[in-house]
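Scroll down for the structure; my scribbles are underneath it.
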Amino acid sequence: VREAAAGCIKVIMSNLSNHGVKLVLPVILGNFGESVDSAEENKEDWRAKVASLTILGSVGSISPKFVGQYLPKVIPILIVQHGSTNNKVKEAATNALNAIVSTIQNPEISSLSTKILDALVDGSGEKRLYVLEGLIAKNFVHAIDTPSTSITMPIISRCLRASSPSTHKRLACLILATFCEILEDPSGMSGYAEELVDILIGVLLSGQSQVRGVAAKALGSIVRHLSSSNSILEGLLDTLQTKLISNSITSVERSGISSGYAQVLFSKFYQDFDGLYSHVFNILLPVLNTSNIDAHDVLWVFVYLPTAISSNAYSPLIESSLPPIIGELALEKHALNETVMRAVRVLISTQEAGLLLPPILDGCVSLCNNTRDICIELLGDILYKLAGSIEVVEKAEAHLAQALMPDTRREVLSVLYFTRCDASCSNVRNQALTVWKNVVSNTPKTLRFIMPELTSQITKGLASDD
């Protein structure tokens, strides 16, 4: 009877259509319902499992594209059954894995099929690392087909879990981001999207700073390329925002979540910058400069958003976002000071100085001592960047003269000289004096140059109601 049944299976599978696969495969998977978490088989069902495993391998060769919808369920079952104590079940599982691997169309991944199989069935970190290093070394010129995705995702997801070394996580994130870019059929990866998102959020919450950045980019890549085929990703931004403002996470964890939030925000609106600007103007900026306890949490997003999008795309946000960011300094909290300085310094490294100077110069003459102190330091950072070198003051001064328009240079130097005489805060005086000495070689000559602007600023100060 068993021989007749085996022959019947071969005939049926050789003539089965895609629609037939859709009907038959759930029934086959049902034979493993009680054994996915256990490798122990009883005497009554091991033969059925062997036959089912044989069918699973045959389905992969008959319809590799269609069976991709089920491979996220099939591969874990095959891996579990490979660990069976029954040698025949183990052999059938190995043959089924080999059959599925043989359907891989991507040459780069096909060349690593032996290492991939070893990593799937062995589970040791060393063999997974061999696969990751092999994948990262490949120059992918072919699209990633569905069998390729399904056979490598279990390895990648395992490498991303908390117990894995940071090296494994970093390589896995880089590979995942690359795969999303060159998928032949995004729907073939949709079955892994929910699991990968949960794991990557866990990586963002980890204390491994060298991993959080690549994990955020991998999360953004998933959103950019898989959102159209997976509704779970639509609410990811809200999920990250909830975690961002949670009181139960540390500043390190909040930094990681903010990085992921920035990447997901950009990926969600990468074809609609108006939507991105609207989100920043209507959701993020209204929280700043309020008594809302979420203000500091949201401020972290502005540390990572400028690098998540291009400098040209972020430029329209500076005029509206930089003043409220600097306004947070008025709360005079050390943690806020550090976050504001990180956010502004990212802008200094990526944006033109002309866009940043007006809000920072306003902060230099603020009524708040803390705001003046930090803004003078940030103004110094801008001037040092423009000067190029502060080792020789004369050269730094010459570079500044070339980088800034005369009127702008007068205004900047006037503010610096004005704050040198700050009567209420010695930190501001010392900070301004240090910057002045690093960019001005001849004070009397410079005073003659800035005298009209300096006089104007002094007159405005005397006329102020404050």
Can you list the residues that meet the salt bridge (Lys or Arg N to Asp or Glu O under 4.0 Å) rule with [X], with sequence neighbours excluded?
X	value
Glu133	none
Asp407	Arg410
Glu352	none
Glu377	Arg345

To check you understand the geometry: which heavy-atom pair defines the closest contact between Ala216 and Leu204, and what is its length?
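Minimum heavy-atom contact is N-CD2, 3.7 Å.
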Indicate the atoms forming the closest heavy-atom contact of Ala262 with Val301, along with that distance.
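Nearest heavy atoms, Ala262 then Val301: CB-O, 4.4 Å.
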Say whether Ser441 and Glu397, considering side chains only, have a donor N or O and an acceptor N or O under 3.5 Å apart.
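Yes, a side-chain donor-acceptor pair sits under 3.5 Å.
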Side-chain donor-acceptor contact under 3.5 Å, Gln241 with Tyr261
yes
Please check if the number of heavy atoms outside Glu181 that lie under 6.0 Å from its CD is greater than 12.
yes
Quick check: are there more than 12 heavy atoms from other residues, nucleotides or ligands sitting under 6.0 Å from CZ of Arg409?
yes
Residue pairs, two or more places apart or on separate chains, that pass salt bridge (charged side-chain N to carboxylate O under 4.0 Å, His left out) and touch residues 237-262:
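The answer is Arg254-Asp297.
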Between the main-chain N or O of [Y] and the side-chain N or O of [X], is there a donor-acceptor pair closer than 3.5 Å?
X	Y	value
Thr408	Leu404	no
Ser164	Arg158	yes
Asp145	Glu184	no
Ser315	Ser311	yes
Ser278	Asp274	no

Mind checking whether Tyr277 and Phe281 have parallel, tilted or perpendicular rings, split at 30° and 60°?
tilted
First locate atom [atom1] of [X], then atom [atom2] of [Y], and finally report the distance between them rounded to the nearest 0.5 Å.
X	Y	atom1	atom2	result
Leu416	Asn438	CG	CG	10.5 Å
Gln402	Leu400	CD	CG	10.0 Å
Leu97	Leu78	CG	CG	4.5 Å
Leu355	Glu319	CG	CD	9.0 Å
Ser267	Lys217	OG	NZ	11.5 Å

Tell me, please, which residues at least two apart from [X] pass side-chain contact (heavy atoms from CB on, under 4.5 Å).
X	value
Asp198	Glu194
Thr339	His296, Leu299, Trp300, Val303
Thr149	Ile144, Met153, Leu183, Met189

Taking ring pair (Phe, Tyr, Trp, His ring centres under 6.0 Å) as the test, write out the residues that go with [X], two or more places apart.
X	result
Tyr417	Trp436
Phe179	Phe140
Tyr130	none

Enumerate, atom names and distances included, each donor-acceptor pair closer than 3.5 Å involving a side-chain atom of residues 362-371, sequence neighbours excluded.
unit_1	atom_1	unit_2	atom_2	d
Ser366	OG	Cys368	N	3.1
Asn369	OD1	Arg372	NH1	3.3
Asn369	OD1	Arg372	NH2	2.4
Asn369	OD1	Ser424	OG	3.4
Asn370	OD1	Asn337	ND2	3.1
Asn370	ND2	Leu329	O	2.8
Asn370	ND2	Asn337	OD1	2.9

